[in-house]
Amino acid sequence: MRWTKTFIPTMKEVPSDAEVPSHQLMLRAGLIRQLMAGAYTFMPLGYRVIRKVSEIVRQEMDRAGAVELFMPAIQPIELFERTGRREAFGNVLFNFETRRGDRQLHFALGPTHEEVITDLISREIKTYKQLPITLYQIQTKFRNEERPRFGVLRTSEFLMKDAYSFSTSVEQLNDAYDAMYNAYCRIFERCGLEYIPVEAESGPIGGDASHEFMAPADNGEDYVVRCGACGYAANQERADTGRSQALPAAVPDADAPQKVDTPNAGSIDDVSQMLKAPANIFIKTLIYIVDEKPVAVLLRGDHEANEGKIRRALNGTDVSLADEATIERVTGAPVGFAGPVGISCDYIADHDVGAIAAAVTGANEKDVHLTGVIPGTHFELTETFDLRNAAAEDPCPRCESSLEIVHGIEIGHVFKLGTKYSQSLDASFLDSEEKKHPIIMGCYGIGVSRVVASIVETCHDDGGIIWPMSVAPYTVELIPLNVKDADVMAAAEKIYNELTAAGVDVLMDDRDQRPGFKFKDADLIGLPVRVVVGGKGLKEGNAEIKLRTDSEATKVPLESAVARVQELIEAGVQ
RNA sequence: CGGGACGUGGCUCAGCCUGGUAGAGCGCUGCACUGGGGGUGCAGAGGUCGCAAGUUCAAAUCUUGUCGUCCCGACCA
């Protein structure tokens, strides 16, 4: 391809709307343009990357035994009503009514395709002899994100590969899951993307039922907890902390807690400043409603509650923060002054609460806190739980080392669904004894457009993008330095034709621009191999070849330039 | 949905506080020079200052509303 014949609008300046590197660089390199918040056009160069990544995904899905199909993005709302997800998705589900003749129809734009594919399978699969099977598609998904952001990283319309496995047994499901898991590793590897598979929230099946694939990146929205020593990794929601229960012994002759006035200081920060006491000797008391009953959750002041862990500790199903009225009712004070001493509802405490020697807590009285509160002495403490998000330096649950926290972008997710959808949509099979069972499902997603953004997010330098060979929009950028020089152009055309004939994706920058201008653009769009043909080199019979990652170009005789480029490509692709 | 910021030519921004002729750099068009890391000169094109009301003799500038975009938070099977 010649630059002047395609459409690559690069820009020198950083658009003021773009904050994160991937967004800035994708705009600057002419990969994308914004239509509105959360919706982007993939320009020719960007779309080539989408296609390269999609092709890798296809190859690995096919290799893993999955079969491609293509389902409608537009779907009847009834399907979501049958699975209860119309409500679960809420506003995230794009849906609209429209008239067809005298009928009023209600559609949704698919945020994912469990419903559609399970409906399909329920009609077509009858017997265990047709199973197992794994189907996949690459489709645009629609989610009405409350807040689209970070360019293509979080949009309301995005390209996703979604696969669904259908099995007759948990063993079959596990095989399908493992096949997908391994395929994902190969995909991200081939895309040149660093990734961490992490344990994620487990579903109805329990155990190792879900993994997220995270690309470590400073601007990632998710937190990954991992252990450098043993390789344990989990998302922050899920991560266990390796702490054990340490119950304090009651202190026999302890002084009673001291009341201190803390006017208008309802937050840990406020009180901490007022009393000049560090947050980690506070007992944070959060009032939750668990299955309609108020429960106080006690945490160390500098820790964050984890609702999933609270739910599990209490064996509840529904957990949410209490409203102000409830808080006032159980504590007898406005929000901000709750504490375990004398509280009128049940409470549970995190492991670390028991280790505070003399704590500061709310006094359940307006504008008053207590100091010198001794856990187990001034309030009862017979058992503690893991109720909070893991933090850096927490002990690893698997080994003797400690945990670290890194930011990550979720690029893939594999999930053992079980029979949730097959039951609600009546997808079942007959076994060899003619007994009917719901099909056991798994689902497996990769955000293709998000993978592209993640690559840019992690592979760049000050000059621009650094594409891995496997996903680069073109492999070689060929730069004739002076397009008005017939000799230069002739030499460049020769290389261009030979590389193209050899099946190499070449982009020739045939614009009549100064060399510096073209070099800057070359760095920006970040093609892996750069070949320069200029007047000076030409006199010596040389072209210059440079990898995007090299700092200096190498002179190569014109006649061996093509062969050299092919060597570099072979070495780069592996 | 809560909090904050910003809307001025294609892009980056100044002007706004203190109301009175709409500006710069880059980009774009033409010509000339130049030609190895975003050139130089000359001559041009291009803006109802997001939109709407209001205050005023007069609004890019002040007021109110509204729309849009971005950031933080909440949310994200």
Side-chain angles (χ1 to χ4, degrees), chain A residues 9-20 23-24 27-28 30 33-40 80 83-93 108 110-115 118 141-151 153-156 158 160 162 200-204 209-210 212 219 221-222 235 237 304 307 320-321 409-410 413 415-418 420-421 424 441 443 445 447 450 462-464 479-485 488 509 511-525 530 532-540 542-544 546 551-553 555:
Chain A
T10 57
M11 22 182 178
K12 187 157 76 168
E13 316 250 19
V14 180
S16 59
D17 277 349
E19 198 97 341
V20 298
H23 192 194
Q24 295 179 346
L27 286 168
R28 290 222 290 136
R33 283 295 182 264
Q34 183 179 53
L35 176 64
M36 58 180 180
Y40 290 82
F80 290 91
T83 58
R85 287 217 295 181
R86 182 176 177 189
E87 184 154 50
F89 274 117
N91 198 240
V92 172
L93 185 68
T112 166
H113 280 72
E114 278 85 359
E115 278 81 359
T118 309
K141 307 294 183 184
F142 299 86
R143 294 185 192 180
N144 189 21
E145 293 289 349
E146 295 298 324
R147 187 172 157 226
R149 63 185 123 171
F150 301 144
L153 280 173
R154 187 170 203 80
T155 52
S156 38
F158 55 94
M160 178 169 157
D162 47 326
E201 196 62 41
S202 61
S210 170
E212 285 170 356
N219 288 299
E221 295 180 85
D222 296 296
N235 72 17
E237 266 180 8
E304 281 174 29
E307 294 190 4
S320 62
L321 272 173
I409 301 166
E410 185 187 344
H413 196 164
F415 198 94
K416 294 179 187 174
L417 280 174
K420 175 174 155 64
Y421 298 99
S424 53
M441 292 174 56
C443 67
R450 188 180 268 191
D462 290 346
I479 307 183
L481 281 187
N482 185 348
V483 298
K484 287 178 177 160
D485 181 324
V488 166
D509 189 350
R511 294 174 299 175
D512 184 12
Q513 290 287 357
R514 299 174 68 82
F517 188 96
K518 295 206 213 183
F519 289 147
K520 289 288 186 189
D521 261 358
D523 288 344
L524 215 209
I525 70 169
R530 193 186 81 184
V532 172
V533 178
K536 289 182 190 169
L538 204 56
K539 277 181 199 147
E540 305 161 9
N542 288 331
E544 289 159 39
K546 171 183 163 320
S551 52
E552 296 296 330
K555 288 181 181 169

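Residue numbers start from 1 in every chain, and the chains themselves are labelled A, B, ... in the order their sequence lines are given, proteins ahead of strands.
- Taking atom C1' on both U8(B) and A24(B), the two are 12 Å apart, rounded to the nearest angstrom.
- Between L538(A) atom CG and G35(B) atom P the separation is 17 Å, expressed in whole Å.
- Partners of H23(A) by side-chain hydrogen bond (donor to acceptor under 3.5 Å, both in side chains), not counting sequence neighbours, listed by chain and number: Y40(A).
- Here N91(A) pairs with N144(A), E146(A) under the side-chain contact (heavy atoms from CB on, under 4.5 Å) rule; sequence neighbours left out.
- Rounded to the nearest Å, the gap between the C1' atom of A74(B) and that of G65(B) is 27 Å.
- G44(B) is paired with C28(B) under the Watson-Crick or G-U wobble criterion, all donor-acceptor distances under 3.5 Å.
- By the side-chain hydrogen bond (donor to acceptor under 3.5 Å, both in side chains) test, E145(A) is found to be paired with R154(A), residues two or more places apart in sequence or in another chain being considered.
- Nucleotides C28(B) and A5(B) are separated by 36 Å at their P atoms, to the nearest Å.
- Applying the salt bridge (charged side-chain N to carboxylate O under 4.0 Å, His left out) criterion to K546(A), with sequence neighbours excluded, gives no partner residue.
- A donor N or O paired with an acceptor N or O is found under 3.5 Å between the base of G38(B) and the side-chain atoms of D521(A).
- The distance from atom CG of D162(A) to atom NE2 of H113(A), rounded to the nearest 0.5 Å, is 6.5 Å.
- The separation between H113(A) atom NE2 and A77(B) atom C1' is 15 Å, rounded to whole Å.
- Comparing the same atom, P, in U48(B) and in G39(B) gives a spacing of 30 Å after rounding to whole Å.
- When both pairing distances are held under 3.5 Å, C33(B) makes a Watson-Crick or G-U pair with G39(B).
- Residue P9(A) comes nearest to R33(A) through the heavy atom pair O-NH2, 2.8 Å, listed as atom of the first residue, atom of the second, then distance.
- Between R530(A) and C443(A), the residue anchored nearer the 5' end of RNA chain B, judged by the nucleotide with its closest heavy atom, is R530(A).
- Comparing G23(B) with U69(B), their C1' atoms sit 24 Å apart, to the nearest whole Å.
- Partners of N219(A) under the side-chain hydrogen bond (donor to acceptor under 3.5 Å, both in side chains) rule, at least two apart in sequence or in another chain, are E457(A).
- Within the nucleic acid shown, G90(A) has no heavy atom closer than 4.0 Å to any nucleic acid atom.
- The base of G37(B) is paired with the side chain of D523(A) by a donor and an acceptor separated by under 3.5 Å.
- Across the C1' atoms, A59(B) and A52(B) are found 14 Å apart, a figure rounded to whole Å.
- One can place CG of D462(A) at 16 Å from P of G38(B), the figure rounded to the nearest angstrom.
- Heavy-atom contacts from other residues, nucleotides or ligands closer than 6.0 Å to CD of E540(A) number more than 12.
- Taking the salt bridge (charged side-chain N to carboxylate O under 4.0 Å, His left out) definition, one finds that K12(A) meets it with nothing, sequence neighbours left out.
- Using a 4.0 Å heavy-atom criterion, one finds that N91(A) contacts no nucleic acid atom at all.
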Between protein and nucleic acid, restricted to nucleotides 22-29 of chain B and to nitrogen or oxygen atoms under 3.5 Å apart, what atom pairs and distances do you find?
from	atom 1	to	atom 2	distance (Å)
G25(B)	N2	E13(A)	OE2	3.1

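- The residue D512(A) sits close to a base: some heavy atom pair falls under 4.0 Å.
- Comparing C11(B) with G27(B), their P atoms sit 15 Å apart, to the nearest whole Å.
- Summarising the base pairing, C62(B) is matched to G54(B) through a Watson-Crick or G-U wobble pair whose two defining distances lie under 3.5 Å.
- Against the 90° criterion about 0, the sugar-base torsion of U69(B) places it in the anti range.
- Going from atom NZ of K539(A) over to atom P of G35(B) covers 11 Å, rounded to whole Å.
- Residues meeting the salt bridge (charged side-chain N to carboxylate O under 4.0 Å, His left out) test with E114(A), sequence neighbours left out: R85(A).
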Going 5' to 3' through nucleotides 69-75 of chain B, assign each nucleotide B (protein heavy atom under 4.0 Å from a base atom), S (under 4.0 Å only from sugar-phosphate atoms) or - (no protein heavy atom that close). SSBBBBB
Between protein and nucleotides 30-34 of chain B, what N or O pairs are separated by less than 3.5 Å?
from	atom 1	to	atom 2	distance (Å)
U34(B)	O2	R514(A)	NH1	2.6

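- Rounded to whole Å, the C1' atom of G47(B) lies 8 Å from the corresponding atom of A22(B).
- The partner of C70(B) is G4(B), judged by Watson-Crick or G-U wobble contacts that both fall below 3.5 Å.
- Counting all heavy atoms, side chain and backbone alike, K518(A) lies closest to I479(A) at CD-CG2, 3.8 Å.
- Within the shown strands, nothing qualifies as a pairing partner of C17(B) under the Watson-Crick or G-U definition with both distances less than 3.5 Å.
- Pairing each heavy atom of G535(A) with each of V488(A), the nearest pair is N-CG2, 3.8 Å.
- Residue L481(A) contributes atom CG, which lies 9 Å from atom P of G37(B) at whole-angstrom precision.
- Contact annotation for P111(A): no contact, since no heavy-atom pair falls under 4.0 Å across all strands.
- With sequence neighbours left out, the side-chain hydrogen bond (donor to acceptor under 3.5 Å, both in side chains) criterion links D521(A) to T10(A), R511(A).
- For K484(A), the salt bridge (charged side-chain N to carboxylate O under 4.0 Å, His left out) test picks out D512(A), with sequence neighbours left out.
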